[in-house]
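Everything on this sheet refers to the single structure shown next.
All values below were derived from every heavy atom in this structure, side-chain atoms included, with hydrogens, water molecules and symmetry-related copies excluded.
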Amino acid sequence: GADVTEVAHAIGQDSRIGGKFLQASVGFGGSCFQKDVLNLVYLCEALNLPQVAAYWQQVVDMNHYQRRRFANRIIASLFNTVTDKKIAILGFAFKKDTGDTRESSSIYVSQMLLEESAQLVIYDPKVSRDRILLDLKTVMDDESLVDRLVSVADSPYTAVEEAHALVVCTEWDEFKTLDYSRIYDSMLKPSFAFDGRIILDHEELSKIGFQVEVIGRASRALSGPPTDVVP
């Protein structure tokens, strides 16, 4: 498959488009963009422009689909089940350098994994434990799953201990400089790294031994060396 970073670079060479907003990710969040797009949908429907309304609705629908695709990729990579498997979610804010979680993709990816009975350990440097739990309970049909399956860590190294996988959902700069050899040694094997923000050194992770999955890239190219499987 194509490498989304190469496609984005090629498209961004067109000065009429530019490359500043072509970074692929697990999905956009925040309070404004989705609200503004849905306002466009409403206005188009009010003006009897159903085709135009449907066009803008697809922006929101595709964003949700991107989150679902990413969650499904995690599940498929972990041998088609995440039941009772520990997954470290790195980042809960909708973007770096903020504690704002409104419409964060981390919420919805976590929701999808919880619905499959994954055990989540979540770390974010600016989002409080109470905010994380409240956001998840807001989207879950069964709030008891949050109490039973979610814990919040005070450091990324604590979050990944004995985890089957780590999932980068927010592009915090600190995630780029973590000691991934230390992290790999503390995780169950095979150890999976899912980069939903394309911020990590994927080749280096692969050399360490991680099974690396990157949004917008084919999975086969970045598989680490074979390791014993812990189901």
Side-chain angles (χ1 to χ4, degrees), residues 26 70-93 105-133 135-137 140 142 144-172 174-197 199-215 219 222-231:
V26 68
F70 191 58
N72 286 346
R73 187 169 182 179
I74 294 169
I75 295 166
S77 298
L78 292 174
F79 313 105
N80 292 313
T81 180
V82 292
T83 299
D84 294 328
K85 291 181 178 177
K86 181 178 177 181
I87 299 175
I89 303 293
L90 300 184
F92 203 76
S105 290
S106 297
I107 297 173
Y108 298 100
V109 172
S110 297
Q111 174 194 12
M112 295 166 193
L113 295 175
L114 287 173
E115 289 171 347
E116 298 293 329
S117 298
Q119 297 181 13
L120 302 186
V121 184
I122 300 171
Y123 167 76
D124 189 282
K126 285 196 174 182
V127 182
S128 70
R129 177 182 183 276
D130 289 344
R131 170 50 58 186
I132 290 171
L133 298 180
D135 284 344
L136 291 176
K137 288 182 177 180
M140 293 294 297
D142 183 357
S144 67
L145 288 177
V146 177
D147 295 324
R148 183 164 59 88
L149 296 174
V150 177
S151 58
V152 179
D154 58 5
S155 82
Y157 296 108
T158 302
V160 300
E161 288 179 359
E162 297 188 349
H164 291 81
L166 65 87
V167 181
V168 175
C169 286
T170 309
E171 70 279 20
W172 287 104
E174 70 176 83
F175 297 155
K176 301 176 185 179
T177 58
L178 296 175
D179 184 345
Y180 283 96
S181 293
R182 172 185 169 185
I183 287 174
Y184 179 78
D185 290 341
S186 73
M187 294 174 64
L188 298 181
K189 306 299 183 291
S191 303
F192 288 83
F194 297 90
D195 187 356
R197 293 290 182 173
I199 62 169
L200 305 181
D201 186 337
H202 308 123
E203 295 295 340
E204 182 61 27
L205 290 177
S206 183
K207 290 177 183 177
I208 290 170
F210 283 98
Q211 306 292 308
V212 184
E213 298 287 338
V214 186
I215 202 160
S219 59
L222 289 167
S223 294
T227 54
D228 294 334
V229 173
V230 178

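Trp172 places none of its side-chain heavy atoms less than 4.5 Å from the side chain of Leu90. Between Tyr123 and Phe175 there is a side-chain heavy-atom pair separated by less than 4.5 Å. Leu78 places a side-chain heavy atom less than 4.5 Å from the side chain of Ile87. Contact annotation: the side chain of Gln211 never approaches that of Ser77 to less than 4.5 Å [non-hydrogen atoms, C-beta and beyond]. Taking 4.5 Å as the limit, some side-chain heavy atom of Phe79 sits within range of a side-chain heavy atom of Pro190. Within the 4.5 Å cutoff, the side chain of Glu171 has no heavy atoms near those of the Lys176 side chain. Between Val26 and Phe194 the shortest side-chain heavy-atom distance does not fall below 4.5 Å. Considering only heavy atoms from C-beta on, Leu145 stays 4.5 Å or farther from Val150 through its side chain.
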task: Dump the intermediate steps for side chain to side chain contact (heavy atoms under 4.5 Å, CB included) on Phe92 and Ile107, then the final yes or no.
output: CA-CA 7 Å; Phe92 203 76; Ile107 297 173; 3.6 Å; yes
Side chain to side chain contact (heavy atoms under 4.5 Å, CB included) between Gln119 and Asp84, worked out: CA-CA 6 Å; Gln119 297 181 13; Asp84 294 328; 3.9 Å; yes
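To the nearest 0.5 Å, atom OG1 of residue Thr170 and atom NZ of residue Lys126 are 12.5 Å apart. Expressed to the nearest 0.5 Å, how far CG of Asn80 lies from CG of Asn72 amounts to 10.0 Å. Here Glu115 contributes atom CD and Gln111 contributes atom CD; the two are 4.5 Å apart, rounded to the nearest 0.5 Å. From Ile75, atom CD1 reaches atom NZ of Lys85 across 10.5 Å, with rounding to the nearest 0.5 Å. The structure places CD1 of Ile183 at 6.5 Å from CG of Leu166, a figure rounded to the nearest 0.5 Å. From Arg131, atom CZ reaches atom CG of Asp124 across 12.5 Å, with rounding to the nearest 0.5 Å.
Remark: Lys137 pairs with Asp147 by the side chain to side chain donor-acceptor pair (under 3.5 Å) rule, at least two apart or across chains. In this structure, the side chain to side chain donor-acceptor pair (under 3.5 Å) partners of Ser155, at least two apart in sequence or on a different chain, are Thr158.
The shortest heavy-atom contact between Cys169 and Ile89 is SG-CG2, 4.2 Å. Closest non-hydrogen pair, Ala163 versus Met187, comes out as O-CB, 3.4 Å. Pairing each heavy atom of Asp195 with each of Phe70, the nearest pair is C-CZ, 4.2 Å. Between Val212 and Ser206, the shortest heavy-atom distance links the atoms CG2-N, 3.8 Å. The two atoms that bring Ser186 and Val160 nearest to each other are OG-CG2, 3.7 Å, heavy atoms only. Contact detail for Ser106 and Ala93: the closest heavy-atom pair is OG-O, 4.4 Å.
For the pair Lys189 and Tyr184, the cation-pi criterion (under 6.0 Å, within 45° of the ring axis) is fulfilled. Relative to the ring axis of Tyr157, Arg182 places its NZ or CZ within 45° and under 6.0 Å from the centre.
Atom CD of Glu162 sits in a sparse spot, with 12 or fewer heavy atoms from other residues, nucleotides or ligands closer than 6.0 Å.
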